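Each remark here refers to the structure printed beneath this line.
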Amino acid sequence: MLRLEPRPAPSRAWTWASPLLALAVTVLIGVVMFAVLGKDPVRGLQVFFWEPIKSAYALGELGVKATPLLLIALGLAVCFRSNVWNIGAEGQFVIGAIAAGGVALLADKDTGRWIVVAILLAGVLGGMAWAGVTAFLRDRFNAGEILVSLMLVYVAIQVLGYLVYGPWKDPAGYNFPQTRTFDAVTQTPKLMVGSRVNVGALLALAGSALLWVFLFRTRAGFAQQVGGLAPAAARYAGFSSRRALWTALLISGGTAGLAGALEVAGPLGQLTPYVPAGYGFAAIIVAFVGRLHPFGMVLAAILMSMFYIGGELAQSRLGLPKSLTGVFQGLLLFALLACDTLVNYRVRVGSTK
Amino acid sequence: MDAYALLLAATLNAGTVLALAALGLLINEKAGIVNLGAEGIMLCAAIAGFATVVHTGNDWLGFAAGMAAGALLAAIFGWLVIWLNTNQYATGLALSLFGVGFSAFVGIGYVQAKLPERPQYHWLGLGDIPLIGPALFRHHPLVYGAMLLAAGLIWFLYRTRAGLVLRSVGESPESAHALGYPVRRIRLLAVVAGGALCGLAGAYLSIIYTPLWVEGMVAGKGWIALALTTFATWRPARVLLGAYLFGGVTMLQFHLQGQGVQVPSQFLTMLPYLATIVVLALISRNPTWIRVNMPASLGKPFHPGS
C-alpha cells in the first residue's frame, strides 16, 4: 500500500518537475485514449505536439492563441493568489469584445489610428465592469464569486447573441448573425509580415513582467496575496480583504476584457456568436500549470495554445471534434494537481493507518 | 387552461434534472466536499446514457450507464481530492473542462441519432382529470423518483445513524476521525453517490427530457444545481423546491415566447442564469442562514495525521 508522508518543506525539485511529469502523464493518457477509440496514436500526437511548432507560420499561430490565454491568466493569477475564485473570465472576455466591437463599429474610413487605443480601452473597461458585478455582489451580498462569475458567462454570451442577431447585425451580411467587418483602421498593428501575431503578444509579455513587479516587488502586491495565504495575518496587518477582492476582480476583468478587445481588433475583425472560444476557461488551467507565476504562465500559455491548434488540426485532419482541446486541457490540469502532491508529500510504501 | 397544465408539467420535468443533480451534490456537500465537476459529469453521463439507449433501446440501461459514468468520474475526482489532497475547486474545474470536451469527443457519432418510441405514462388512471391530470400524473417514473429521493434523503440524513456520521464528517472530520470513523472512505462514498445522481440527472436530460444529444447540452444546469444547494441552505426539501422553481423559470421563457411576448429570445434565455445570481445574492446576504446551515468543513481538505 502506498502512503503519503508530509514533507517538512515543499520540495523545490518537484515544484519544477511536477508540470513536466504532468505533461508526460497527459500525453500517455492521450495515447491510450486514441488507441482505445481506434485512432492512430502517433498521428494524434503529431497533430497536437509537432505540427503547431514545425513552421514559422505555425509558430505565429501559436502566438495568436497564446496571447489571450496569457493575458487572461495573468489576471486570474492575481485572483487565485488572493483566494478569489473568479472562474467567469470567459464572460469578461466576451463583454470586453462587445465593448471593443461597439467602438470599432463607430470607425469609418476617415477615422485615425487612435481608434485602436479607444477600442482596447473600451475592452478593458467592459471586462472590468463585468467583473465588477461579481465583486459587488460578493462584497455587498456575500454571494459566492464562483457561481456568480460563472452565471455571468452565460449572460454575457446571450448579450452577444442579442447584439449580433439584433441591432448590430450586418444588413449586408446575408442574414448571418454577425456585425459588419470592422474597418481596416481598427486593426492592431501586426508584428511581422505573413503572420497574424499582433502587438497584443507584446502587451501580454509586458503584462507578465509588470505582474512580476507587482506581486514580488510592491507592498500592494504583497498585501494582495497575504489575505489568500493567511486571512488572520492580513487582518492583523490591517490589509483590507474588501480591497483585495475588488483589486483582484478588476485586474482580472481588465485583462480578460483587453484580451477580448485584442481578438476583436486582431484575428476576428468582427463580432460573431463564435467570439467565446473558451479562452477564459483554458486560462484557468494556464494559471495553475504556470504555478500562478508570471513567467511560468508564459510557458503554460504556449503549451495550452498548442492544444488549441491541435484541436483545430484534429478536426480538419483526423475528423475528430475540436473539443478534443478541452479533453487534453482537462487531463493536463488533473495530472498537474495529482503530480503536485509530490511537492508537499513523500510517497512511502507501507500501511495506511 | 391547457397551456398552464402543460407549463406545470414541463416545470416538473425540467425541475427533475436539477433536483436529481442538486440532491446528489447535497450528499457530497454534507460530507464536506464541493464538486465543481457536476457540469462535466452530467455531460459525460448524458452521452453515456443516450448512446446506451441508442444501442439497446432500453431506457433503464441508459440510466444505469449514466449513473455508472457519473460514479466513475466522481470516483476519480474523489480520489484526487480526498487521498491526494488536491484543491477541490481546481480539481472540479478540471473535471468540468474535461467532461465538456470528452463528451463531445465521444458523442460525435450520435448527434443525429434517434431514440426508440417514447412510452406514454398514465398513472392510476388519473391522467385524464382536467388540468391536474396532464400536469401531475403523466410523468416519467423518475419525476416521482426525484421526490421520493428527497424524502429518503431527509430520512437518511436526519433519522439514521449513517446519516449522522455523514454529517459529522462534513462538520468536523477531525472529531469523526478521533471517534474512529474512516473519514476518507465515507467522503469518497458520498462523492461517488453524488456523482451517480448527477449522472442520473444527465441521463434523464438526454434520454427523457430533450431527448437527443447535442454538444454541451447541459448548458450550465450543473452549475445551477451547485447554486441550488446554497439557496436551499443544504436542506433536501428546499433543494427540491428550488429545483422546481428553477425548472419553472426555464419553462417560463418558452411559455412567454409562445404567448408572443415581444422580448428578444436571448433575454428570455438569460432568465435562469440571472435568477440564479439574484437568488444567490438574496440568500447569501443573511450570513446566519448560510453560516448556521453550511457544513463547517465544506471545501476544506482533511488529511489524517497531519
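Numbered from 1 within each chain, the chains take letters A, B, ... in sequence-line order. Just so it is clear, the model here is predicted, and its values are computed rather than measured.
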Work out which heavy atom in [X] is nearest to a heavy atom in [Y]; give both atom names and the distance.
| X | Y | answer |
| --- | --- | --- |
| Ile157(A) | Pro276(A) | CG1-CG, 4.0 Å |
| Met217(B) | Leu43(B) | N-CD2, 3.7 Å |
| Gly199(B) | Ile41(B) | N-CG2, 4.1 Å |
| Trp168(A) | Gly101(A) | CZ3-C, 4.4 Å |
| Ala282(A) | Tyr308(A) | CB-CE1, 3.8 Å |

Using non-hydrogen atoms only, which part of [X] is less than 4.5 Å away from chain B: side chain, backbone, both, or neither?
| X | answer |
| --- | --- |
| Val159(A) | both |
| Tyr165(A) | side chain |
| Phe288(A) | side chain |
| Ile87(A) | side chain |
| Asp340(A) | neither |

Determine the option with the most heavy-atom pairs under 4.5 angstrom with chain B, choosing from [options].
| options | value |
| --- | --- |
| Gly166(A), Gly161(A), Gly278(A) | Gly161(A) |
| Asn344(A), Thr325(A), Leu332(A), Ile146(A) | Ile146(A) |
| Leu150(A), Leu333(A), Val148(A), Leu324(A) | Leu150(A) |
| Leu336(A), Leu331(A), Leu137(A), Ile285(A) | Leu331(A) |
| Arg140(A), Glu5(A), Met33(A) | Met33(A) |

With a 4.5 angstrom heavy-atom cut-off, is it the side chain or the backbone of [X] that approaches chain A, or both, or neither?
| X | result |
| --- | --- |
| Thr276(B) | side chain |
| Ile108(B) | side chain |
| Phe77(B) | neither |
| Leu80(B) | side chain |

- Task: Applying side-chain hydrogen bond (donor to acceptor under 3.5 Å, both in side chains), run through Ser284(B) and Arg138(A) and close with a yes or a no.
- Result: CA-CA 9 Å; Ser284(B) 310; Arg138(A) 172 69 205 269; over 6 Å; no
- Query: Any idea how Phe50(B) and Tyr110(B) line up, ring-wise: parallel (<30°), tilted (30 to 60°), or perpendicular (>60°)?
  - Reply: perpendicular
- Could you label the plane-to-plane angle of the Phe307(A) and Phe48(A) rings as parallel, tilted or perpendicular, counting under 30° as parallel and over 60° as perpendicular?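 It falls in the perpendicular class, over 60°.
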- Distance-only, no hydrogens or angles: does the Ser82(A) side chain make a donor-acceptor pair with backbone N or O of Val84(A) under 3.5 Å? no
Picking from [options], which has the most non-hydrogen pairs under 4.5 angstrom with chain A?
| options | answer |
| --- | --- |
| Leu274(B), Leu282(B), Ile76(B), Thr269(B) | Thr269(B) |
| Ala219(B), Gly99(B), Ser265(B) | Ala219(B) |
| Leu95(B), Leu226(B), Ile224(B), Val106(B) | Leu95(B) |

- Message: Does atom CZ (Arg7(A)) have a neighbourhood of more than 12 heavy atoms from anything else shown, all under 6.0 Å?
- Response: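 Counting other residues, nucleotides and ligands, CZ of Arg7(A) exceeds 12 neighbours.
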- Task: Given ring-ring contact (aromatic ring centres under 6.0 Å, His included), test Phe98(B) with Phe328(A) step by step and report yes or no.
- Result: CA-CA 7 Å; Phe98(B) 171 81; Phe328(A) 276 99; 9.7 Å; no
